[in-house]
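In what follows, residues are counted from 1 in the order of the sequence shown. Values below: all heavy atoms of this structure, side chains included; hydrogens, waters and symmetry mates excluded. All values reported here derive from a predicted model rather than from experimental measurement.
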Amino acid sequence: MREFKVTPIRNGTVIDHINSGQALNVLRILGINEHNVDSTVSLLMHVPSKKTGWKDVVKVEDRELDKQTVDKIALISPKATIDIIRDFNVAEKYQVRLSPRIRNLVHCGNPNCITNKCEPVAPEFDVENHDPPMLRCIYCDRTLEDISGNLI
């Protein structure tokens with residue numbers, strides 16, 4: 001088997017143990033696309049993992065993530081881990097956590113929900129299942145099926 005090496009980053013963030021196939025959604029959450037890349041971004045998809053079989057990994061140099069961004073990643077990959085890299089070393093490592101109630105991170109998929117009717121009501125969901133995540137709107141009781149497609 002041929003092994004590929006990814007260069008280490010001096011400072012930044014490694015998002016590891018992303019559900020296989022979700023790395024491109026993580027890039028979207030991070031707001032990274034072909035037009036706004038300021039520093040090195042490494043994307044590994046469908047990498048063998050002893051824990052889960054397969055995983056994706058995203059490395060972003062010179063960037064640390066805010067809480068809202070980490071919460072969005074938890075919605076699409078609840079077993080992801082975040083490594084904060086400083087001077088080529090792991091300074092912090094933690095697993096993402098899905099809160100019991102999600103507010104202002106995703107839109108309700110129901111077009112008739114009050115949160116989609118130009119009312120000053122923020123979308124809010126109860127987490128009914130953590131892995132895979134299942135969200136239920138507290139206003140219209142609809143289960144959100146396409147979380148990554150409804151991220152705010």
Next item on the list: Start with the C-alpha distance between I29 and I76, add both sets of side-chain angles, then the distance that settles side-chain contact (heavy atoms from CB on, under 4.5 Å), and finish with yes or no.
Entry: CA-CA 10 Å; I29 290 168; I76 64 165; 3.7 Å; yes

Next item on the list: Indicate yes or no for a side-chain donor-acceptor contact from D62 to the backbone of G12 under 3.5 Å, with no hydrogens or angles considered.
Entry: no

Next item on the list: Output the distance between atom CD1 (I18) and atom OG1 (T81), rounded to the nearest 0.5 Å.
Entry: 8.5 Å

Next item on the list: Would you confirm whether R63, through its side chain, and S39, through its main-chain N or O, come within 3.5 Å as a donor-acceptor pair?
Entry: no

Margin query: If I take atom CG from residue L151 and atom CG from residue D146, how far apart are they, to the nearest 0.5 angstrom?
Written below: 8.5 Å

Margin query: Determine whether L24 and L43 satisfy the following criterion, side-chain contact (heavy atoms from CB on, under 4.5 Å), listing intermediate values before the conclusion.
Written below: CA-CA 8 Å; L24 295 176; L43 174 75; 3.8 Å; yes

Item checked: Straight-line distance of K79 NZ to D131 CG, nearest 0.5 Å -> 4.5 Å

Next item on the list: Answer yes or no: is there a donor N or O on one side and an acceptor on the other, between the side chain of N36 and the main chain of G31, under 3.5 Å?
Entry: yes

Check: Of the options T13, I15, V41, which is the one that meets L30 in a side-chain contact (heavy atoms from CB on, under 4.5 Å)?
Finding: I15

Next item on the list: State which residues pass salt bridge (Lys or Arg N to Asp or Glu O under 4.0 Å) with K55; sequence neighbours excluded, sorted by chain then number.
Entry: D16

Next item on the list: Look up atom CG in L135 and atom CG in L75, then write down how far apart they are to the nearest 0.5 Å.
Entry: 6.0 Å

Item checked: Rounded distance (nearest 0.5 Å) linking atom CD1 of I147 with atom CG of N25 -> 11.0 Å

Item checked: Transitive ILVMFWY side-chain link L27 to V96, under 4.5 Å -> yes

Next item on the list: Scan residues 125-152 for pairs that pass ring pair (Phe, Tyr, Trp, His ring centres under 6.0 Å), counting only residues two or more places apart or in two chains.
Entry: none

Item checked: N/O donor-acceptor pair under 3.5 Å between D83 side chain and V90 backbone -> no

Next item on the list: Could you tell me whether the side chain of K59 and the main chain of T7 form a donor-acceptor pair under 3.5 Å?
Entry: yes

Next item on the list: Search all heavy atoms of S49 against all heavy atoms of H17 and return the closest pair with its distance.
Entry: OG-ND1, 4.3 Å

Margin query: My understanding is that only residues two or more places apart in sequence, or in another chain, count here; which of them pass ring pair (Phe, Tyr, Trp, His ring centres under 6.0 Å) with H46?
Written below: W54

Note to self: Restricting to non-hydrogen atoms, name the atom on T115 and the atom on A122 that form the minimum distance, rounded to 0.1 Å.
What the structure shows: CG2-O, 3.8 Å

Check: When clusters are formed by joining ILVMFWY residues with side-chain heavy atoms under 4.5 Å apart, either directly or through shared neighbours, do I152 and V70 land in the same one?
Finding: no

Check: Is the closest basic N to carboxylate O distance between E61 and R10 below 4.0 Å?
Finding: no

Next item on the list: I would like to know whether R86 and E64 meet side-chain contact (heavy atoms from CB on, under 4.5 Å); could you show each step before the answer?
Entry: CA-CA 10 Å; R86 294 190 185 117; E64 293 188 18; 3.1 Å; yes

Notebook entry, point to check: Same cluster for V58 and I32 if Ile/Leu/Val/Met/Phe/Trp/Tyr side chains link at under 4.5 Å?
Noted result: yes

Next item on the list: Start with the C-alpha distance between C113 and H107, add both sets of side-chain angles, then the distance that settles side-chain contact (heavy atoms from CB on, under 4.5 Å), and finish with yes or no.
Entry: CA-CA 10 Å; C113 181; H107 294 286; over 6 Å; no

Note to self: Treating N110 as the side-chain partner and N112 as the backbone partner, does any N or O pair qualify as donor plus acceptor under 3.5 Å?
What the structure shows: yes

Note to self: So, taking the atom named CG in N104 and the one named CG in D71, what distance separates them when rounded to the nearest 0.5 Å?
What the structure shows: 11.5 Å

Next item on the list: Check the hydrophobic clustering (I, L, V, M, F, W, Y; side-chain heavy atoms under 4.5 Å; chains of links allowed) and say if V14 and M45 are grouped together.
Entry: no

Check: Can you name the closest pair of heavy atoms from L98 and P133 and give their distance?
Finding: CD2-CB, 4.1 Å

Check: D126 side chain to I138 main-chain N or O, any donor-acceptor pair under 3.5 Å?
Finding: no

Checklist line | Verify same cluster id: L65, I9 (apolar side-chain graph, 4.5 Å) | finding: no

Notebook entry, point to check: Shortest non-hydrogen contact from S99 to V127?
Noted result: O-CG2, 3.0 Å

Note to self: Measuring only between side-chain heavy atoms, which start at C-beta, is N19 closer than 4.5 Å to P78?
What the structure shows: yes

